[in-house]
Amino acid sequence: MAKLQPVKGTRDLFGKEGRAQHHVINMAARVSRSYGYDRIDTPMFEQVEVFNRPLGETSDVVTKEMFDFQTKGGDHVVLRPENTAGVVRAIISNGLTHDLPGRYFYAGPQFRYERPQAGRYRQFTQIGVELVGPEQPAADVDVIACGWQILADLGLTEHITVHLNTLGDTDSRNAYRSELVAYFQDHRDRLSEDSLTRLEKNPLRILDSKDEGDRALLPAAPKFVDHLNALSQDHYAAVKAGLDNLGLPYQHDDNLVRGFDYYCHTAFEFITTQLGAQGTVLGGGRYDGLAKLLGGPDMAGVGWAAGVDRLAMLLGSAPVDQAPIAVVPLGAEAETRAQRLVFEMRAAGLLVDMNYSGNMKKRLTRANKVQAATAIIIGEDEIAAGVALVRDMEDGAQREVALDQLVAELSA
RNA sequence: GCGACUGUAGCUCAGCUGGUUAGAGCACCGGUUUGUGGUACCGGGGGUCGUGGGUUCGAGCCCCAUCAGUCGCCCCA
């Protein structure tokens, strides 16, 4: 039992869980397509440089959570811990900066070397969209609306609240940061140990600390919204007005901070209370400086990433697809005829289940197990008469249908 | 990286203060039913009790270590 297991923090996906994940991805692909997003698939690993500057040299992801290794050629590469930096790198690499605005949708595995727990894995799947080029607040609204619509179509919005905040532009953020640091310096004696290190590395992080002592200091702490310059203020106001216009619910959250250095202005998280400590199901924001950090041209952008594993957990199970039709041949001659029939049925788009052995009882048991709605029974008598028995698996009613009309009848 | 809890069959779990051949339900296979499933009844296969060491006449149960899982912190999807 302890022998052949997947690597820590990874898992095999199949059956119910696997189907739920694919349903999430398919839904996201469909909805994002209606918003005009084009699918993009970037490599699962990149040069380290793609991540350490944009995410922040001192961020946890960079300092301790990267799955990185040396290639035989001596390159230092890393399994992507998130996908935004990779997409922006791809946009620069392929000269797509000359084709703006760009709308990209992705879905795929991401990797983070951290301690697994509820809703957290070392290999996990994210879906996400990136809208690059436009600086207008309408783009932020567009992106948030797309995320909301995906969750709505999955039937998950009633358990989810949208938290919204602004991080302002660089000037606003620097001004705010120094005031915040000053405030916490005055209260260092009351800060938790974790927050004391945050005060050095990333003071904004103290805002979303879970420590009660830290939280007690927050109400009196300086607020980001009070330190925005005119430009940042206008941007945030326009985003909120845009969401109001669409009737999308959200709540302003002074303590919402995002982990990566590349964020500015709008930041948002879609949060549920149903997943234990890992309630953030979708998160994102604006990242106007990212392209430049990567050595590309100035390019604005907004986007989000959502955790497929977490969404699938909320979903519980995927809706069942069409019920299969079970084909039950009896005898060698019927078997041969049935194989041809099954081939034709499948060509007509029907979902068919047929086994290679077993008597009628076994085959019907199997039909029952795969939840077939109907069974097609073909024995020697039926072959001789040129018909098949069509059995309703619900009530057991059977009727005869001519073999050469079967496909047409079942497809109707 | 830190902390708490858990580890018995494919799955969910029982196993009294250590006592002899380790149990149940579900699932799986077969039978009652030679061309009729989902119900019922009968039977069957399947376990180095996570691993290694120790205590003991004797360990699934107690002790130590180790590995794995779960949950929480940090951080994030």
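Quick note: numbers below take in every heavy atom, side chains included, and nothing from hydrogens, waters or symmetry partners. Letters go in sequence order (proteins before strands), and every chain restarts at 1.
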List, one per line, each side-chain donor-acceptor pair under 3.5 Å for residues 133-155 of chain A, sequence neighbours excluded.
{"residue": "Asp140(A)", "atom": "OD1", "partner": "Arg286(A)", "partner atom": "NE", "Å": "3.1"}
{"residue": "Asp140(A)", "atom": "OD1", "partner": "Arg286(A)", "partner atom": "NH2", "Å": "2.7"}
{"residue": "Asp140(A)", "atom": "OD2", "partner": "His235(A)", "partner atom": "NE2", "Å": "3.0"}
{"residue": "Asp140(A)", "atom": "OD2", "partner": "Thr266(A)", "partner atom": "OG1", "Å": "2.5"}
{"residue": "Asp140(A)", "atom": "OD2", "partner": "Arg286(A)", "partner atom": "NE", "Å": "3.2"}
{"residue": "Asp142(A)", "atom": "OD1", "partner": "Tyr37(A)", "partner atom": "OH", "Å": "3.3"}
{"residue": "Asp142(A)", "atom": "OD1", "partner": "Arg103(A)", "partner atom": "NH1", "Å": "3.3"}
{"residue": "Asp142(A)", "atom": "OD2", "partner": "Arg103(A)", "partner atom": "NH2", "Å": "3.2"}
{"residue": "Gln149(A)", "atom": "NE2", "partner": "Asp153(A)", "partner atom": "OD1", "Å": "2.9"}
{"residue": "Asp153(A)", "atom": "OD2", "partner": "Arg30(A)", "partner atom": "NH2", "Å": "3.3"}

Problem set entry | RNA chain B base-pair string [pairs: Watson-Crick or G-U under 3.5 Å; |: paired with another strand] | (((((((..((((.....[...)))).(((((.......))))).....(((((..]....))))))))))))....

For this session: Ignoring the backbone of Lys8(A), work out which of C75(B), G37(B), G69(B) is nearest its side chain.
Result: G69(B)

Exercise. If the P atom of C5(B) is compared with that of U48(B), how far apart are they to the nearest Å?
Worked result: 29 Å

Exercise. Residues from residues 102-111 of chain A sitting under 4.0 Å of RNA chain B, heavy atoms only?
Worked result: none

Exercise. Taking atom types as they are modelled, is there a donor-acceptor pair under 3.5 Å from the base of G35(B) to the side chain of Glu382(A)?
Worked result: yes

Are there any protein N/O atoms within less than 3.5 Å of an N/O atom in nucleotides 27-34 of chain B, and if so, which ones and at what distance?
{"residue": "G30(B)", "atom": "OP1", "partner": "Lys362(A)", "partner atom": "NZ", "Å": "2.8"}

Problem set entry | Pairwise C1' distance, G60(B) and G18(B) [rounded to whole Å] | 10 Å

Exercise. With respect to the side chain of Ile377(A), which nucleotide from C71(B), U70(B), G35(B) is positioned closest?
Worked result: G35(B)

Exercise. Taking the C1' atom of each, how far is C61(B) from A22(B), in whole Å?
Worked result: 12 Å

Problem set entry | Whole-angstrom distance between G3(B) and G19(B), as gauged at atom P | 34 Å

Tabulate below the donor-acceptor pairs under 3.5 Å that side-chain atoms of residues 399-411 of chain A make, not counting sequence neighbours, or state none.
{"residue": "Arg399(A)", "atom": "NH1", "partner": "Glu409(A)", "partner atom": "OE2", "Å": "2.6"}
{"residue": "Ser411(A)", "atom": "OG", "partner": "Val407(A)", "partner atom": "O", "Å": "2.6"}

Can I get a per-line list of side-chain donor-acceptor pairs under 3.5 Å for residues 336-346 of chain A, giving both atom names and the distance, sequence neighbours left out?
{"residue": "Thr336(A)", "atom": "OG1", "partner": "Ala332(A)", "partner atom": "O", "Å": "3.2"}
{"residue": "Arg346(A)", "atom": "NH2", "partner": "Val352(A)", "partner atom": "O", "Å": "3.0"}

